[in-house]
Amino acid sequence: MIELENVAYSYGGGELLSDISLKLAAGSFHFLTGPSGAGKTTLMKLCYGALSPTSGTLRLFDKDVHTLDRDEIAQIRRRVGVVHQDCQFLDHLPVKENIALPLHVSDRSNEAETGDIDDLMHWVGLTDRAAALPPELSGGERQRAALARAVIMSPDVVLADEPTGNVDWDMSQRLLRLLIELNRMGKTVLVATHDLSLIRATKSQVQARVLRIANRRIQLAGADL
Amino acid sequence: MIELENVAYSYGGGELLSDISLKLAAGSFHFLTGPSGAGKTTLMKLCYGALSPTSGTLRLFDKDVHTLDRDEIAQIRRRVGVVHQDCQFLDHLPVKENIALPLHVSDRSNEAETGDIDDLMHWVGLTDRAAALPPELSGGERQRAALARAVIMSPDVVLADEPTGNVDWDMSQRLLRLLIELNRMGKTVLVATHDLSLIRATKSQVQARVLRIANRRIQLAGADL
Amino acid sequence: MLASRDRHADRVVPPSGFTAQLTLFAAAAMAFLAVFALALSLASGRLAARWGDELARSATIRITAPQDQQSAQVEAALRILETTKGVRTARALTDAEQQALLAPWFGADLALDTLPVPRLIEVIEDADGMDPAGLRLRLAAEVPGAVLDDHSRWRAPLVSAASRLRTLGWTSTLLIAAVMAAMVTLAANAALAANAQVISVLRLVGATDAYIAQAFIRRFTIRTLIGASAGMALGMVAVLFMPGGNDETATFLTGLGFQGWHWITPLLVPPLAALVAFLATRMAARRTLETLT
Amino acid sequence: MLASRDRHADRVVPPSGFTAQLTLFAAAAMAFLAVFALALSLASGRLAARWGDELARSATIRITAPQDQQSAQVEAALRILETTKGVRTARALTDAEQQALLAPWFGADLALDTLPVPRLIEVIEDADGMDPAGLRLRLAAEVPGAVLDDHSRWRAPLVSAASRLRTLGWTSTLLIAAVMAAMVTLAANAALAANAQVISVLRLVGATDAYIAQAFIRRFTIRTLIGASAGMALGMVAVLFMPGGNDETATFLTGLGFQGWHWITPLLVPPLAALVAFLATRMAARRTLETLT
Ligand SMILES: Nc1ncnc2c1ncn2[C@@H]1O[C@H](COP(=O)(O)OP(=O)(O)OP(=O)(O)O)[C@@H](O)[C@H]1O
Ligand SMILES: Nc1ncnc2c1ncn2[C@@H]1O[C@H](COP(=O)(O)OP(=O)(O)OP(=O)(O)O)[C@@H](O)[C@H]1O
Ligand SMILES: [Mg+2]
Ligand SMILES: [Mg+2]
């Protein structure tokens, strides 16, 4: 699905990420950790084509990102569901329409009328807030809405950047279960988080690998967790 | 410092918080927990005068909020440092100036030139990013900048809403230490968080009380933690 | 299906706000002013055309001769004029007409035959114009009492003033059109900047550039069209109720008014404004989008 | 201390962006148009005043009499006029002046004494005006050949046209001023809306309403002042280089031009625009702030 080969990235100063080689195979489940400011969000942005590597090769769905035009990137976004760390919405549309937005913009509006979206909203516990506007949501509700929006298209890849930073333990377990469910259906999942207990709790339920960014490189964190 | 007496709050639908009586005495340290959407942020907003209770009496620094005019609320904001859950900055000013902003707007610009601010930025680990603009910060860096901005005035009360949602364990310990330090200097501290291990780790260092919002009411969570 | 998609594409742009009002208002105000400037240009254009044409194409022959030879000389002059190239019509003024011309000086009760008043022949040239020098030579030879006045004394300053007036009118129209274009462009840009978050959210959930641009372009084009139509309608009503819109002298003096097919020209203002809005929004949207990945 | 605080208060508002450009441009464009409209109003005002005054205040007396009695009658008429209330000056036209008036009809080489041309007396009234009916009676009694023409035939339409022209000029000036005010207000509002986050951040860190409003008010007032000054300067240059700005006929025909102290009036445009911006921004800032706690 997503393949990085000796990828490096720099925002202009020194290199933030160097020599990253990584392969997110179809159906794999990865956690991404590392100290604040290590480059987790940056790596995720590379994975959905929001940034292009300053050197090395990055292949998304077997296409080199450097060769993609803007419309192809838009197409890829439809196959990659992203939960952003600072989740943003269309503040003038109710939560439910925001969650259905990816369907609308990719010409699958009719699916928005089926019951899937209600099931999903129920799962993330937003049924009561369906008609609220995003600025009226609590921090945790926003994150859950962002997760629902990321998976509504049942994308091939789900990238979630700190999806549980603002929710309590029970809810974060519930959200993780949703991701595990999707992973069992064959979706590739990458979750950036600093919550080690969440990683531990998940590892018992799914074959998850833990990646760690340290000193600009990526390492596989193993038994030490 | 902050006193709530039978306070209730509703955003327009049903009551979100009912019959809340609470006293944050000078020099006390409180944690606030509760499931996502329980009303933690709402309670904090009441405490810094961003919302007024729909019923009951709320006294900030011994003044009833209902009797405060807008300038008095501005004055109170200078005595209450707030870390917002969705921290916002002036996106066109560098991080350092954003952290010094409370000094500038309250006519204490000259203090911005002293070394305090550099010490503080060093403590929260933002010395390297002092000249960056807020949109160039990582999620955790934003939270740390928000905390630094909240305490730069050495306010009498510090309200922190999920100040560690996006930072790793070591950093969250470090940030908590800053709050504990302030508390030892006599400041009142209220931290909303869903991270129970953080609460546990802190309790060993300071006399902290844990408040829990459940079923629209506030309870003192005791030994069960 | 497509309709539902379009309906939704419209909804993704926030419905209103100050930038929207600004677009509407700027379009309306500028269309209103444009209609006025157009009326001024067209009215002065008409005036310029009339002065230029009529003065350039008419001349007077004055025949001063003893009373008994006058009619003979007039006839001789008219014969010459009949065979002169470039003359469309030529006729002697009637007594009543001459009396009217002289009334300011001699009073309306003047008896023409008591005065040795010269006879006047009005000459109207055709489109090609005549050769005054040649005509003068022929007249000098055959009608000694005839003096040709081709009005060049009057014509030169009036023609130049009239063409200045026309230039002024069109300059203001162009100026206002340019201001309208700039204002609509800036308003569209301001609105896009205000909606930066909308654009980036749409882009992040997989909307194509065309979809995003379309949503904004449609909104702004329609807004400008509505604003400009309202402004134009108000402008036309104002011009219509302009005092003295009928009498040509008054029209000239108040400088405004449409006539005949000119009433159609203001109708071009809203489509042109909408076209400007379309191009401006498209450019602005493209530029905004290019900064996003 | 205060200066440093002010410097910082300025910095809290983002330096630029499309709404800023919009404010600048709207102010400049509207000031430019306002200068033009002002020039038009003032020029037409002058014209209206001149026509109204001169026509209303001048009259002609035509004396038709046998050649030998003419000068006697002219003198008699002048004597009467000297004692007539409301007459400032009265004088007989010279031969040369009459010849000039008659030249279009009789040619420049006319010998006045070969014709029984009436003598003309030009009467200039003073501010109070004279009583034409009374004068007519006295003239009829003492100067049988005199006919008083008080130009009322010409005056009525011209005076009304001139006053229409003046009305039109001031209407457009007011219109443009109103458009400018609305545009600046909307631009200020749009800019405030675009800076909603800045305002709420400032409020949350303890800035008073006065501090926040001040930062925006200063910025927008200065921006409008700069924009309007630039527009005004351009407008004045344009008026100055208007073709035929000197000759009064041309000035009338091209409709524009300042004279004397009128050159000062456009200088009022930028301060007025800045005042509007000040009030608009203050109102908008207050309104925006009131929605925040
Ligand atoms: N647009 C940008 N321009 C310049 N520097 C940036 C930009 N975005 C991020 N950075 C810097 O790059 C570093 C990595 O940022 P990133 O957001 O990837 O960190 P992160 O691992 O996600 O951290 P966190 O856990 O705090 O979210 C940070 O130091 C940040 O300040
Ligand atoms: N402006 C608003 N209008 C209407 N409802 C609101 C508004 N703000 C918050 N709410 C609702 O009130 C409830 C409590 O919100 P609040 O932000 O206080 O929760 P919280 O305890 O901070 O949750 P979290 O842990 O997710 O941040 C939520 O259900 C939220 O949707
Ligand atoms: Mg991050
Ligand atoms: Mg909250």
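Predicted model, so just to flag it, every value in this text is computed and none were measured. All chains are named by letter (A, B, ...) in the order of the sequence lines, taking the proteins before the strands, and each is independently numbered beginning at 1.
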Practice task
Report yes or no: does Arg70(B) contribute a side-chain atom to a donor-acceptor pair with the main-chain N or O of Leu289(D) at less than 3.5 Å?
Solution key: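 The answer is yes, because a donor-acceptor pair under 3.5 Å joins these two groups.
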
Practice task
Anything in residues 195-205 of chain D with a heavy-atom distance to chain B below 4.5 Å? Please list those residues in order.
Solution key: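 Residues in range: Gln197(D), Val198(D), Ser200(D), Val201(D), Leu202(D), Arg203(D), Leu204(D), Val205(D).
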
Practice task
Would you name the heavy atoms of Ala74(B) and Ala207(D) that are closest together and state the gap between them?
Solution key: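 Heavy atoms of Ala74(B) and Ala207(D) come nearest at CB-O, 3.7 Å.
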
Handout entry: Interface residues of residues 80-92 of chain B facing chain D - non-hydrogen atoms under 4.5 Å apart
Key =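 Under the 4.5 Å heavy-atom cut-off, His84(B), Gln88(B), Phe89(B), Leu90(B), Asp91(B), His92(B) qualify.
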
Handout entry: Under 4.5 Å from any heavy atom of chain D - which part of Arg149(B)
Key =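 Contact with chain D involves the side chain of Arg149(B) alone.
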
Practice task
For residues 4-46 of chain B, pull every pair meeting ring pair (Phe, Tyr, Trp, His ring centres under 6.0 Å), keeping only residues two or more places apart or in separate chains.
Solution key: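 Found Tyr9(B)-Tyr11(B), Phe29(B)-Phe31(B).
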
Practice task
Scan residues 260-269 of chain D for pairs that pass salt bridge (Lys or Arg N to Asp or Glu O under 4.0 Å), counting only residues two or more places apart or in two chains.
Solution key: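 Non-adjacent pairs meeting salt bridge (Lys or Arg N to Asp or Glu O under 4.0 Å): zero.
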
Problem - Gap separating the OG1 atom of Thr208(D) from the CD1 atom of Ile73(B), nearest 0.5 angstrom - result: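 It comes to 13.0 Å.
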
